[in-house]
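Quick notes on the structure that follows.
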Number of protein chains: 4
Amino acid sequence: MPRKPAEQTVQPDAILKAAATVFYRRGYHGATMADIAAEVNLTAGSLYHHFPSKEDLLCAVLDRGLAQITRDVRAVVDGGAPSADKLRAIAHIHVLSEIEHSNIAAAVIFEGRALLDVPGVRDQYVRQRDTLEALYRRVVEDGIAAGDFRPLDVGIFVKALFGALNWVSLWYREGGRLTGAQIAAEIAATFLAALQPPPAEGGDFPPC
Amino acid sequence: MPRKPAEQTVQPDAILKAAATVFYRRGYHGATMADIAAEVNLTAGSLYHHFPSKEDLLCAVLDRGLAQITRDVRAVVDGGAPSADKLRAIAHIHVLSEIEHSNIAAAVIFEGRALLDVPGVRDQYVRQRDTLEALYRRVVEDGIAAGDFRPLDVGIFVKALFGALNWVSLWYREGGRLTGAQIAAEIAATFLAALQPPPAEGGDFPPC
Amino acid sequence: MPRKPAEQTVQPDAILKAAATVFYRRGYHGATMADIAAEVNLTAGSLYHHFPSKEDLLCAVLDRGLAQITRDVRAVVDGGAPSADKLRAIAHIHVLSEIEHSNIAAAVIFEGRALLDVPGVRDQYVRQRDTLEALYRRVVEDGIAAGDFRPLDVGIFVKALFGALNWVSLWYREGGRLTGAQIAAEIAATFLAALQPPPAEGGDFPPC
Amino acid sequence: MPRKPAEQTVQPDAILKAAATVFYRRGYHGATMADIAAEVNLTAGSLYHHFPSKEDLLCAVLDRGLAQITRDVRAVVDGGAPSADKLRAIAHIHVLSEIEHSNIAAAVIFEGRALLDVPGVRDQYVRQRDTLEALYRRVVEDGIAAGDFRPLDVGIFVKALFGALNWVSLWYREGGRLTGAQIAAEIAATFLAALQPPPAEGGDFPPC
DNA sequence: CATGAATGAGAGTTCATTCAT
DNA sequence: GATGAATGAACTCTCATTCAT
């Protein structure tokens, strides 16, 4: 007894965005297929024409989100800019991904845990996440090697940076005091300050 | 025909710890009352002798966790140590709370979102969280006022610090390369480095 | 945007065979329209160009199957062969129908029950089934009347024969030890042996 | 918001009987958990306190039914009665099981197919079924070996017997012309007649 | 207090059916 | 005619919650 066909066909892309939004808003377990469907003016059952299950939907969201941010970050990392600029650029990408691209990145960040029970899926997710982290790490390591940054525990440093950047999605509100770009710049500045090499011993000063 | 009472009466405290653990592990919506009960060798129904609902359990966990860490942090902030030492101390408290106290703090961090739908509850939670954040902010502001730290956007800085510290609960594994204390120290060092005032322009140096 | 029509128009006949196969394989309730459609390289929706509903499909299958076997059996029963030959012939028809004609007969046998809820449909189905049974019964009764078979409870006998013949569809496997014809012959032989009149008391023997 | 506790505790046994009845009436796929639950004055969800899934319920029904009839039949087969008496006895057991023991046996017979998709389960079911069939076969083979029965294709014969006996559950109606015991006796008589050795060629008669 | 059994409100998922293209 | 997308009803299963024992 179906009656009313949808006004216009829904793209799987729109569903992914809707899912990301709802997963982020309610969490994976708290989100219902009906919630997601409503976001694109569908009913829950209709989603199954596009994705075989809720879990697959989450996988697709995470996959898509990580792939996108990874691609953008990699472009920066592979570029020829100074390390400090690279770090500023990836902070920018990271924050903007979180707050602009339909929360896909934010869902990635916080709901990836929901997948950690499903072994096959988990592995792929963890691998992608590690790939991204490795890119951040490379920027820092290269900067240290080049003498632009002071040596420190890169592992902890990158995880702290990740935490600071990811956390933005939890407190950012549109129309707040600062734009996403400004927030990214400020965070980058903070972490760059922490990477500042100490003033060279005497070297900067002309001999008396 | 239940006959055999638990070996020893279960303290509400143990239930809170169990709930925190399970909330952290599975998320609020993913956790079941049976999961939590099993953690203390009870059945789901028995939990209702101690807490009126699952939501109340979460509230209690968050309340307890925030209250505890807030109390500890406040003690430090109210003390007379130099700002840098205070920041090191609260990082230590923060990280240790996350990874040692039965994940209560970690649950606080990530599952507080589950309460954001319930208005009355939400407000109390947000208020407590803001109280804690204000303490961190005070340390930074005092340090800046005292000239120990360089001036910067304190709001962003504190949120970045929060993110970096909270993130630890997502990647920390017992028996890893570093202890919680070492991690806290490293993160504190990073953020303190970012707070380092630039070398005074010449003033520190005697005239040549 | 469907563009490519099926290679060649699908006959309702092919759909009926497909439906019979799937109904037999999965049972009426276990079979989906998509299953049936796939069997003839269609999609579920397309079936509705040929049959108004799943129930109608089952009706058509049963109707067709029963009509066919009834026609064949009637031809034998109305013929002039000896009763024993008639019984052999209908066993042959019955078994071959089950295992060769796309399981239509087998579906008839086991899935007719699914219709027993729908009153109007049920009646027609039951009537057809009784018609078929009456033909079997006539062969036995005629044989008894003619003195070829020993008298016995014809109702039970025919139902036992039905059961034995129908059961074949549940255990027959293509390429097994015996062909369908051999199985039919063996079953017929068994039931004919049971119909054997006892040796006449003395009458057959010349006086000593 | 549960309100009304059941008047009296339901035994798993009662659920099994209910399930057998409903499975038989509607078929496995046509039966709903609510149907089964209603039969014992429960709601669907409550069944899950006793059986982990609908499939498990079917397994339990089949297991129980097959085990019971197999036990009874084995007792007869292992006894010392003449082969003909054994065959009469097992026909009696078989038919009575079908029509009296809550349709468990009938469900076994017709709904076992629903399990044939689940490999692990299927194997156990098939094994049990084969065990039962082997008992029937043994009776016939022993009878032949003892010269009580004429030699014939035992495989087909036993399957025909099975079919005839199982079919009873499809047409038997309480209060009909014959009791279950009478039906069993008649079917046994039919098959025993088919097993009758032909009158010895003259040898039995004294020379004239 | 603890328990096991029960409940009712969904949740995810399936599926027969419809319909614009 | 065929299709893909959509729907709504129904189903299996889960779970927070209650309560007699």
Side-chain angles (χ1 to χ4, degrees), chain A residues 1-10 12 29-37 41-55 57, chain B residues 1-6 9-10 29-37 41-57, chain C residues 1-6 9-10 29-37 41-57, chain D residues 1-10 12 29-37 41-55 57:
Chain A
M1 303 103 188
R3 216 114 320 187
K4 167 166 41 86
E7 293 78 70
Q8 40 180 111
T9 303
V10 175
H29 284 113
T32 74
M33 292 301 266
D35 289 339
I36 298 168
N41 287 317
L42 286 182
T43 60
S46 304
L47 293 183
Y48 290 83
H49 285 284
H50 306 282
F51 294 90
S53 76
K54 187 184 177 187
E55 192 174 291
L57 205 38
Chain B
M1 307 112 183
R3 214 108 319 190
K4 169 164 41 80
T9 305
V10 176
H29 285 112
T32 74
M33 292 299 267
D35 288 339
I36 297 168
N41 287 317
L42 288 182
T43 58
S46 306
L47 293 183
Y48 289 83
H49 290 293
H50 304 281
F51 294 91
S53 76
K54 187 184 178 186
E55 194 174 288
D56 279 275
L57 246 185
Chain C
M1 308 115 187
R3 213 105 321 189
K4 168 163 45 80
T9 305
V10 175
H29 284 112
T32 73
M33 292 299 268
D35 288 338
I36 297 168
N41 287 318
L42 288 181
T43 59
S46 305
L47 293 184
Y48 289 82
H49 289 291
H50 305 281
F51 294 90
S53 77
K54 187 183 176 186
E55 193 174 288
D56 279 274
L57 245 185
Chain D
M1 305 103 186
R3 216 115 319 187
K4 168 166 41 84
E7 292 78 69
Q8 39 181 110
T9 304
V10 175
H29 284 113
T32 73
M33 292 300 266
D35 289 339
I36 297 169
N41 286 317
L42 287 183
T43 60
S46 304
L47 293 184
Y48 290 84
H49 285 283
H50 305 283
F51 295 90
S53 75
K54 186 184 177 186
E55 193 175 292
L57 243 186

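Remember, predicted model here, so these are calculated numbers, not experimental data.
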Legend entry - Residue mapping more 5' on DNA chain E - nearest nucleotide basis, B/T43 or D/H49: B/T43
Legend entry - B/K54 NZ - F/dT18 C1' separation (whole Å): 17 Å
Inset, instruction - Check whether any side-chain nitrogen or oxygen of C/H29 sits under 4.0 Å from OP1 or OP2 of F/dC11, and answer yes or no. - result: no
Legend entry - Between E/dG8 (P) and D/L47 (CG): distance, integer Å: 14 Å
Inset, instruction - Starting from P on F/dA16, measure out to CZ on B/F51 and report it in whole angstrom. - result: 15 Å
Inset, instruction - Not counting sequence neighbours, which residues clear side chain to side chain contact (heavy atoms under 4.5 Å, CB included) with D/Y48? List them please. - result: D/M33
Legend entry - Candidates E/dA16, F/dA16, F/dC13 - which lies nearest the side chain of D/Y48: F/dC13
Legend entry - Straight-line distance of A/L57 CG to A/E55 CD, nearest 0.5 Å: 11.0 Å
Legend entry - Selected nucleotide, minimal atom distance to C/M33 side chain, candidates E/dA16, F/dT12, F/dC15: E/dA16
Inset, instruction - Would you kindly give the CD1-to-P distance between D/I36 and F/dC13, to the nearest whole Å? - result: 10 Å
Inset, instruction - Using a cut-off of strictly less than 4.0 Å, decide whether D/S46 has a side-chain nitrogen or oxygen near OP1 or OP2 of E/dA5. - result: no
Legend entry - Minimum heavy-atom distance between A/G30 and A/D35, given as atom pair plus value: O-OD2, 4.1 Å
Legend entry - Consecutive-pair stems (at least three Watson-Crick or G-U pairs, under 3.5 Å) that include DNA chain E: E:2-21 with F:2-21
Legend entry - Straight-line distance of D/S46 OG to D/I36 CD1, nearest 0.5 Å: 13.0 Å
Legend entry - Rounded distance in Å - NE2 (B/H50) to C1' (E/dT3): 12 Å
Legend entry - Whole-Å gap separating P (E/dG12) and CG (A/D35): 8 Å
Inset, instruction - Would you classify D/A31 as touching base, sugar-phosphate or nothing, given that sugar-phosphate means primed atoms plus P, OP1 and OP2, and contacts are heavy atoms under 4.0 Å? - result: sugar-phosphate
Legend entry - 5' priority, DNA chain E, between C/S53 and A/A34 [closest heavy atom]: A/A34
Legend entry - Of D/E55 and A/G45, the one whose closest DNA chain F nucleotide lies more 5': A/G45
Legend entry - C/A37 versus C/A44, closest heavy-atom pair with distance: CB-N, 3.6 Å
Legend entry - Atom pair CG (C/L42) and NE2 (C/H49), whose distance is rounded to the nearest 0.5 Å: 9.5 Å
Inset, instruction - Please report the closest heavy-atom contact between D/H29 and C/H29, naming both atoms and the distance. - result: CB-CB, 3.6 Å
